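Each ligand, and each atom within it, is numbered from 1 in the order the structure gives. What you see is a predicted model; the values in this text were computed from it and never measured.
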Amino acid sequence: MNKQELEKIKQEALQEHIPIIMDDTLAVVKEILEQKKPKSILEIGTAVGYSAICFSEFLTEDGFIDTIEREKERIEEAKRNVKRAEVEDKIHLYEGDAVEILPTLNKTYDVVFIDASKGKYPFFLEQALRMLKENGVILADNVLYKGYVRSSYNKHKQRTAVRNLREYLQKVEENPSLKTTVLEVGDGLAISQKKEQK
Ligand code: SAH
Ligand code: MG
């Protein structure tokens with residue numbers, strides 16, 4: 001991977017106000033990936049490719065990332081960035097709405113990173129669970145959404161997002177096959193590790 005280009009890609013994304021993964025969140029995710037050494041990662045919400053490029057460093061030699069983005073301009077920028085970072089052999093970009101694309105996927109993944117429309121998190125979880133390998137982990141970014149999710153807040157126009165994030169957290173916390181930790185890094189990161197089957 002070309003680290004110099006990666007730093008430029010990050011600075012450009014920040015200037016364009018693209019909501020890329022925050023540094024403290026990224027540090028936690030990197031630790032997890034370091035331990036897991038994943039062969040396959042599914043990312044929902046590519047934006048301009050910054051997080052996918054960062055994650056690609058931790059893949060096994062034959063590993064890959066499938067990542068989904070629906071906004072045309074971001075797709076084009078992500079493609080350019082993936083080339084600039086010299087990781088185009090590891091990252092496969094699916095173009096379109098994840099709500100339509102996910103049900104068509106039939107692979108299994110070691111890691112799923114959920115980082116797209118907050119109102120769809122419960123659906124993304126369902127799809128992530130369907131494709132998660134034994135010992136896999138689901139990471140969900142922005143689950144505390146500026147603190148709204150774990151407060152009594154319900155007046156904002158983002159009410160649907162907040163309600164669906166609450167539902168997401170409830171679902172991962174009550175699922176007996178998952179062990180979930182929610183960290184207050186960045187905008188909130190939920191880490192749901194699949195338990196070993198007995
Ligand atoms: N993971 C990126 C940031 C993603 S920002 C990083 O850290 O670098 C969230 C992205 O998800 C946005 O670009 C948005 O267009 C995309 N998105 C939101 N809902 C989506 C959906 N239903 N399907 C596909 N992409 C979606
Ligand atoms: Mg995010």
Side-chain angles (χ1 to χ4, degrees), residues 1 3 5-30 32-33 38 41-59 65-85 87 90-105 109 111-128 131 137-149 158 160-162 164-165 168-169 182-192:
M1 192 230 288
K3 292 233 161 149
E5 283 301 318
L6 179 63
E7 187 53 33
K8 286 192 212 159
I9 290 164
K10 178 185 180 185
Q11 293 312 324
E12 289 166 13
L14 290 172
Q15 266 168 24
E16 293 165 32
H17 303 288
I18 311 279
I20 58 170
I21 189 167
M22 292 171 84
D23 288 338
D24 54 350
T25 311
L26 181 61
V28 173
V29 175
K30 280 183 172 178
I32 294 167
L33 297 179
I41 299 177
L42 171 64
E43 176 180 70
I44 308 171
T46 318
V48 295
Y50 175 69
S51 53
I53 295 166
C54 291
F55 300 167
S56 67
E57 193 187 350
F58 299 91
L59 292 167
I65 302 178
D66 286 340
T67 182
I68 310 174
E69 175 58 48
R70 67 178 173 192
E71 274 191 39
K72 226 20 297 95
E73 263 180 53
R74 290 192 176 171
I75 291 168
E76 295 314 316
E77 196 167 342
K79 285 182 186 166
R80 281 196 297 275
N81 288 342
V82 162
K83 285 211 185 85
R84 286 167 69 189
V87 289
K90 295 168 190 266
I91 298 177
H92 181 217
L93 185 58
Y94 285 83
E95 305 176 18
D97 196 319
V99 173
E100 282 156 33
I101 290 172
L102 286 167
T104 71
L105 299 180
Y109 297 96
V111 176
V112 179
F113 181 56
I114 301 175
D115 193 19
S117 35
K118 300 174 183 73
K120 298 283 160 41
Y121 272 38
F123 177 76
F124 295 156
L125 174 63
E126 213 177 274
Q127 293 295 313
M131 294 185 277
V137 65
I138 302 172
L139 307 170
D141 194 20
N142 308 96
V143 289
L144 298 177
Y145 196 17
K146 302 176 181 166
Y148 301 155
V149 173
Q158 297 298 327
T160 312
V162 172
N164 283 289
L165 289 171
Y168 179 90
L169 290 180
V182 179
L183 300 181
E184 287 180 11
V185 288
D187 201 19
L189 179 72
I191 304 167
S192 301

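Residues Arg84 and Lys8 meet the side-chain proximity criterion, which asks for heavy atoms closer than 4.5 Å. Side chains of Val111 and Phe55 form no contact here, defined as non-hydrogen atoms less than 4.5 Å apart. Ile21 is listed as a side-chain neighbour of Tyr50, based on a closest heavy-atom distance under 4.5 Å. A heavy-atom distance below 4.5 Å is not found between the side chains of Val149 and Val143. You'll find the side chain of Leu105 reaches within 4.5 Å of the side chain of Leu42, heavy atoms only. For the pair Leu59/Ser56, a side-chain contact is recorded, criterion being any heavy-atom separation below 4.5 Å from C-beta on. Annotation: side chain of Glu43 is not in contact with side chain of Ile91 (no heavy-atom distance under 4.5 Å).
Every atom of ligand 1 is numbered from 1 in the order shown, and the set under 4.0 Å from a heavy atom of Ala47 is 2 (C), 3 (C), 4 (C), 5 (S), 13 (O). The contact set between ligand 1 and Gly96, taken as ligand atoms under 4.0 Å from a residue heavy atom, comprises 23 (N), 24 (C). Within the listing of ligand 1, atoms 15 (O) sit less than 4.0 angstrom from a heavy atom of Glu71. Listed by number with element, the atoms of ligand 1 under 4.0 angstrom from any heavy atom of Ile20 are 6 (C), 7 (O), 8 (O).
The proximity of Thr46 to ligand 1, defined as any non-hydrogen pair under 4.0 Å, is limited to the backbone.
Here the closest heavy-atom approach between residue Leu189 and residue Leu139 is recorded as CD1-CB, 4.4 Å.
Counting non-hydrogen atoms of neighbouring residues, nucleotides and ligands closer than 6.0 angstrom, the CD atom of Glu184 reaches no more than 12 such neighbours.
Ring geometry for Tyr121 versus Phe124: interplanar angle of 30 to 60°, hence tilted.
Every residue meeting the side-chain contact (heavy atoms from CB on, under 4.5 Å) condition with Glu7, not counting sequence neighbours, appears here in chain and number order: Lys10, Gln11.
Scanning all protein heavy atoms for the shortest distance to atom 18 (C) of ligand 1 gives Ser117 N, 3.4 Å. Scanning all protein heavy atoms for the shortest distance to atom 23 (N) of ligand 1 gives Ala98 N, 2.8 Å. Of the protein's non-hydrogen atoms, the one nearest atom 25 (N) of ligand 1 is Arg70 N, 3.4 Å. Looking from atom 2 (C) of ligand 1 to the surrounding protein, the closest heavy atom is Ser51 OG, 3.3 Å. Here the heavy atom of the protein found nearest to atom 22 (N) of ligand 1 is Asp97 OD1, 2.9 Å. Remark: minimum distance from atom 9 (C) of ligand 1 to any protein heavy atom is reached at Asp115 O, 3.1 Å. What sits closest to atom 16 (C) of ligand 1 on the protein, heavy atoms only, is Glu69 OE1, 3.2 Å.
A salt bridge is absent between Lys79 and Glu69; no separation between the charged side-chain nitrogens and carboxylate oxygens falls under 4.0 Å. A salt bridge does not link Glu16 with Arg74: every distance from a Lys NZ or Arg NE/NH1/NH2 to an Asp or Glu carboxylate oxygen is 4.0 Å or more.
Nearest-residue assignment for atom 5 (S) of ligand 1 (options Ala52, Ala116, Pro19; heavy-atom criterion): Pro19. The heavy atom nearest to atom 13 (O) of ligand 1, out of those in Glu43, Met22, Arg74, Glu73, is found in Arg74.
At least one N/O-N/O distance between Gly45 and ligand 1 falls below 3.5 Å. Remark: ligand 1 and Ile21 share an N or O pair separated by less than 3.5 Å (distance only, no angle test).
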Working note: Thr46 + Ile75, criterion side chain to side chain contact (heavy atoms under 4.5 Å, CB included); need CA distance, chi angles, decisive distance, verdict. CA-CA 8 Å; Thr46 318; Ile75 291 168; over 6 Å; no
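Tally of protein N, O or S atoms closer to the Mg ion (ligand 2) than 2.8 Å: 3.
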